[in-house]
Amino acid sequence: MTELTDDELERYARHIVLREIGGSGQARLKSAHIVVIGAGGIGSPALQYLSAAGVGRLTVIDDDRVDLSNLQRQTLFGDGDVGAPKVDAAARALYRLNPHVNVMPVETRIGAANATALLDGADVVLDGCDNFTTRLAVADAALKLHIPLVSAAVGQFEGQIGVFRGWEADKPCYRCLVGDAPDRAEASCAETGVMGALTGMIGSLAALEAIRAIVPFGTDPAGKLLIADTLDWRFRTLALPKDPECRCAA
Ligand SMILES: [Zn+2]
């Protein structure tokens with residue numbers, strides 16, 4: 001069992017005092033390895049909260065550099081980071097937040113060819129990337145490796161988040177939600193715009209679900225999809241059944 005130092009006991013006191021977390025839950029977080037895909041609008045707050053929460057190992061995968069137009073929502077980065085690889089700027093920011101957390105920056109594009117190798121050994125995968133091809137590659141690898149997948153997405157004023165454990169008999173995988181279409185068109189934030197504060201909210205929810213996947217508490221979110229519509233000030237939860245025709249049902 002992982003031990004917590006005095007400094008860590010004080011640092012995480014507000015989590016430890018929660019009956020659902022406690023010292024044992026905090027020790028599980030310290031032993032955990034979470035892989036975050038995309039250090040963008042969702043990845044930024046997700047990484048901040050996962051680091052602050054004391055998740056022992058965080059791997060950050062992104063092949064992009066910080067652009068001035070990212071700073072409207074990607075709160076890990078500041079003016080001085082423009083031009084730097086996102087994973088390096090993220091690692092610096094996260095170390096400043098919590099030096100107890102071991103951050104592994106991986107400057108690469110994750111895809112079908114390397115996803116299994118990159119995700120192998122993770123306890124949770126948090127996908128906040130910005131394109132559908134990557135999402136499918138990550139989801140397929142997570143399914144194959146039996147790693148819980150927290151998948152979060154935003155567009156304009158709407159966000160959605162789901163937790164997928166498709167290897168379980170009654171739980172859907174990501175393809176149960178989106179189908180098998182290989183080249184589904186997805187409009188980019190650059191084209192359509194996105195409300196910055198919305199990415200913060202969905203990214204924070206994604207961090208919460210990644211933590212819940214390590215330290216189970218409350219109701220299991222797998223099998224549901226949460227949709228936030230901030231134009232209409234509304235949250236909805238949809239049931240997401242396993243598709244009997246899906247590859248995960250075989
Ligand atoms: Zn499925």
Side-chain angles (χ1 to χ4, degrees), residues 32-38 40-43 46 50 59 61-62 108-155 158-188 199 202-229 235-250:
H33 176 204
I34 298 181
V35 176
V36 175
I37 317 293
I42 291 168
L50 292 175
T59 296
I61 304 176
D62 198 307
T108 192
R109 175 163 282 263
I110 187 169
N114 60 3
T116 303
L118 286 169
L119 302 186
D120 194 20
D123 296 301
V124 182
V125 176
L126 190 163
D127 188 2
C129 80
D130 60 358
N131 73 88
F132 193 63
T133 309
T134 302
R135 282 182 190 284
L136 285 180
V138 168
D140 289 346
L143 175 67
K144 186 166 85 181
L145 296 166
H146 292 199
I147 301 170
L149 169 67
V150 179
S151 186
V154 291
E158 188 171 286
Q160 64 176 49
I161 175 168
V163 178
F164 300 92
R165 300 194 308 268
W167 65 91
E168 294 184 12
D170 58 339
K171 295 290 188 284
C173 78
Y174 183 70
R175 284 184 187 267
C176 291
L177 168 66
V178 300
D180 258 330
D183 55 356
R184 192 165 99 153
E186 191 178 47
S188 72
T199 65
I202 298 295
S204 301
L205 272 174
L208 190 150
E209 291 310 333
I211 290 169
R212 195 207 302 267
I214 304 290
V215 187
F217 52 82
T219 305
D220 180 4
K224 284 181 245 169
L225 187 70
L226 180 72
I227 298 176
D229 176 358
F235 281 71
R236 284 172 292 157
T237 311
L238 308 181
L240 197 63
K242 194 178 187 80
D243 177 359
E245 302 294 314
C246 182
R247 61 176 70 185
C248 73

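Read the numbers this way: they start at 1 and go in the same order the structure lists the ligands and their atoms.
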In Å, rounded to the nearest 0.5 Å, how long is the span from CG of L177 to CG of L240?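 Nearest 0.5 Å value for the CG-CG distance: 5.0 Å.
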
Measure the CZ-NZ distance between R247 and K144 for me, rounded to the nearest 0.5 Å.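 Those atoms lie 11.0 Å apart.
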
Tell me how many protein N, O or S atoms are within a distance shorter than 2.8 Å of the Zn ion (ligand 1).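 The number of such protein atoms is 4.
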
For D220, is there an ion pair with R165 - N to carboxylate O distance below 4.0 angstrom?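 Here R165 pairs with D220 in a salt bridge, since their nearest N and O are under 4.0 Å apart.
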
Check this for me, if you would: do R175 and D243 make a salt bridge, where the nitrogen-to-carboxylate-oxygen distance has to be below 4.0 angstrom?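 A salt bridge is absent here (no side-chain N lies under 4.0 Å from a carboxylate O).
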
Mind listing the closest non-hydrogen atom pair of R135 and G128 along with its distance? NH2-C, 4.3 Å

Shortest non-hydrogen contact from A210 toward L126: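 Minimum heavy-atom contact is CB-CD1, 4.2 Å.
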
